Amino acid sequence: MQYAGLLLAPLFLMASVVFAASQTTPPPLDRPPRVLILYPYDERIAATTAAGEALRGRLLEATGGKIDLFSEFLDLSRFPEAEHVQRLGRYMAEKYAIRRPDVVVALGKESASFISTNRASIAPDAKIVAAGFGNSTSENIDLPDDVIGAFTTFDILKTAEMARGLQPGARHLYIIGGSSEFDQGWLATARADLAEFSKSYETTYLENLTIEQFIERAAEVPADSIILALTVFKDQAGRNFIPREAIGKIAATASAPVYGPYQTYINYGVVGGNTVTFETLGQTVGNLVLDAIAGRPIKDIQAPQTYIVDARQLKRWGLAEKDLPAGTIQMYREKGLWEGHWLAVTGAFGVVLVQAGIIAALLLERRRRQDAESRSRLHLLEAVHLNQSATAGALSSSVAHELNQPLSAIRNNAEAASVLLQNDSPDLQLIQQILLDIQADDQRAGDIIGRMRGLLKKRSEIDWQEFDLNDVTSNAISIIHGEAERRGITLKTKRPTTELPVRADKVHVQQVVLNLATNAMDAMTEAGSDSRILTLATGVVKEKAELCVADTGNGIPQERLSSIFEPFYTTKQAGTGLGLSIARAIVETYGGTISATNRPEGGAIFRVALPLARGGGRHS
């Protein structure tokens, strides 16, 4: 005999039963149809939740949400008293007095018995669909003939036979059941169904124990044992349990494999068993409800069974996969790389090939970019050299004037020394001082020539070095000092007490200073001789080294401010328009910025900002 009483205590596996007629969306009604779903226990029972959610999902999908769904959790496992059931019937009759259901779905035999008894007061005109128990159970609870059933039968013998196939050497059989009325019914069914099977084993029924005793006894069984776990809704002490949680506690320390007829026991330490899934049952019941709403004929359905196991428990107990019944579903199975992830592997291989192609293309592009950058640097160096040569040419007259002073002094001192040496008693101390003056003037002339040679020197590579921006600015001032005097321009400098270390090509940065300074001097040509002031200031602004070059000329026309750094743009009749564009190229090469604005009091100011090298802002 097969046991069929527990739809929704734990969760099972079954194949779906689908009717072609039930796939048709019912026609619209004058109002949304009302469906009442009765759950036998509370919301914590996983099987009822799985079946109910699948049922709700099917109805909402088929009706586009145009349906009123009501749910009631009867909790009859913890409150089975007749007085409670009667109160519950009266309460629901009043609750649904003005919203009578069109269909009532009774999940489990307790729900079916409840609605059969209270149908006239709760839903007198409703169609009843019962689900989650077997045909024999429906006969025992004497359901009305017009109640349609989606029946499920749980065959404990098939679970036991699966266990025997996995453990052919087992010699002991233990069957576990709780103390509730439902638990005792399961035990009675197991005794009948396993009568012949149990003759091959030393069989023990573990029943009417506390949960602690169940755990202790299961932990002490011989290793060559099969443990069949039915349900534990209540233990000997009267404590209520969710069956899968009670079985999970027992299986956690059991000394032999545990089997059970419910899918919800999977992931709670049970190897598996022959069972029915309630997700599929919910879908099937949903189809029956849709047919009932549409007025189509419906009839009883028998849900098929299947085998399901937890692959992790097979591994835990060393049970062979080859000994499983054909068609067994393995949950939590660790698949091989190709078997479990063939799509990902194929995708990964494709990605690797694509990446290889991209990398090759990027390497080629990198090589091209490096060649382009090399050519760009060479062009920059050539442009800077030409600009340096132009600057040297522009300063040649002032340089000649500067050189004339030390050379004239050398000549005059040499003539004076020659005269002194003609005396009978020459003043050797005075002659020595004259010679020191000659050396100093010679050094001064050499420095002037050295600075000019630096401007004219041509190089093929950038000379990266760390230097103080203050020193470069001072050197540039030394170069233009003579030209500024010649033009009647007053030079002013402002520098902080801290070093401003930057990393770049020192000669290039000096050329930027010279370009800005010479442009500033050109801009003051029309200014009065008393108001020609060129100011060069350095400092730290927003964690960058900044150089400001300000003049007192006429400033820059507002509409031209945005284009003065463009190549070949110039306001000079003889200008090339390359000075400022070269300055910008140099500054941006070293990660800096350059900008220009007009001063409120007249004239323009150019700002160059370069990143400070590590340790920037040190006190000198």
Side-chain angles (χ1 to χ4, degrees), residues 380-381 383-403 444-457 459 462-463 465-487 489-496 499-524 532-539 544-553 578-587 589-590 592 594-596 603-610 620:
L380 175 63
L381 291 170
V384 171
H385 177 68
L386 291 174
N387 189 238
Q388 290 172 324
S389 300
T391 302
L395 298 176
S396 59
S397 59
S398 61
V399 170
H401 177 71
E402 278 193 278
L403 281 174
R444 180 182 172 190
D447 290 342
I448 295 172
I449 295 172
R451 287 195 296 268
M452 296 305 297
R453 289 181 63 187
L455 286 178
L456 295 171
K457 183 179 179 181
R459 292 168 303 159
I462 292 176
D463 183 14
Q465 54 188 302
E466 185 176 320
F467 55 88
D468 186 356
L469 182 61
N470 294 319
D471 294 341
V472 171
T473 304
S474 298
N475 290 338
I477 290 173
S478 298
I479 293 174
I480 64 171
H481 180 76
E483 181 66 12
E485 284 188 350
R486 187 181 70 81
R487 299 192 188 192
I489 296 173
T490 302
L491 280 176
K492 292 184 178 181
T493 60
K494 296 178 183 178
R495 59 179 291 173
E499 293 181 0
L500 301 177
V502 296
R503 180 169 174 76
D505 189 308
K506 189 174 183 179
V507 173
H508 287 180
V509 175
Q510 177 180 271
Q511 186 59 39
V512 171
V513 180
L514 290 175
N515 281 3
L516 297 179
T518 53
N519 278 353
M521 290 190 294
D522 290 342
M524 292 185 287
R532 297 176 184 173
I533 301 173
L534 174 59
T535 304
L536 288 90
T538 54
K544 288 190 175 183
E546 184 175 86
L547 163 69
C548 294
V549 179
D551 63 66
T552 57
L578 294 176
L580 290 178
S581 65
I582 291 174
R584 182 178 68 175
I586 292 173
V587 171
T589 296
Y590 303 116
I594 184 171
S595 61
I605 180 169
F606 286 79
R607 288 183 172 85
V608 174
L610 292 170
S620 57

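Because the structure is predicted, anything quoted here is derived from the model rather than measured.
- Leu580 is listed as a side-chain neighbour of Leu516, based on a closest heavy-atom distance under 4.5 Å.
- Taking all atoms of both residues into account, the shortest heavy-atom contact from Glu499 to Asn470 is CA-ND2, 4.1 Å.
- To the nearest 0.5 angstrom, Glu546 atom CD is 10.0 Å from Leu610 atom CG.
- The side-chain hydrogen bond (donor to acceptor under 3.5 Å, both in side chains) test applied to Thr493 returns no partner, not counting sequence neighbours.
- How far CG of Asp551 is from CZ of Phe606: 7.5 Å, rounded to the nearest 0.5 Å.
- Between Val472 and Lys506 the shortest heavy-atom distance is CG2-CG, 3.6 Å.
- Taking Ala545 as the reference, Leu469, Leu500, Val502, Leu612 meet the side chain to side chain contact (heavy atoms under 4.5 Å, CB included) condition, with sequence neighbours excluded.
- Closest of all the heavy-atom pairs between Ala504 and Phe467 is O-CE2, 3.6 Å.
- Nearest heavy-atom pair, Arg487 versus Asp522, reported as atom, atom and distance to 0.1 Å: NH1-OD1, 2.7 Å.
- Considering CD1 of Ile477 and CZ of Arg495, their distance stands at 9.0 Å, rounded to 0.5 Å.
- With sequence neighbours left out, Thr535 forms a side-chain hydrogen bond (donor to acceptor under 3.5 Å, both in side chains) with no residue at all.
- Within the 4.5 Å cutoff, no side-chain heavy atoms of Asn515 are placed close to those of Arg584.
- Scanning all heavy atoms of the two residues, the minimum distance from Ala520 to Val549 falls at CB-CG1, 4.3 Å.
- Under the side chain to side chain contact (heavy atoms under 4.5 Å, CB included) criterion, Ala609 pairs with Lys544, Thr593, not counting sequence neighbours.
- Here Thr473 contributes atom OG1 and Leu514 contributes atom CG; the two are 10.0 Å apart, rounded to the nearest 0.5 Å.
- Rounded to the nearest 0.5 Å, atoms CG (Leu534) and CE (Met521) are 6.5 Å apart.
- When every heavy atom of Cys548 is checked against every heavy atom of Arg607, the shortest pair comes out as SG-CG, 3.6 Å.
- Side chains of Asn475 and Gln510 form a contact here, defined as non-hydrogen atoms less than 4.5 Å apart.
- For the atom pair CD1 of Ile489 and NE2 of His481, the computed distance is 12.0 Å after rounding to the nearest 0.5 Å.
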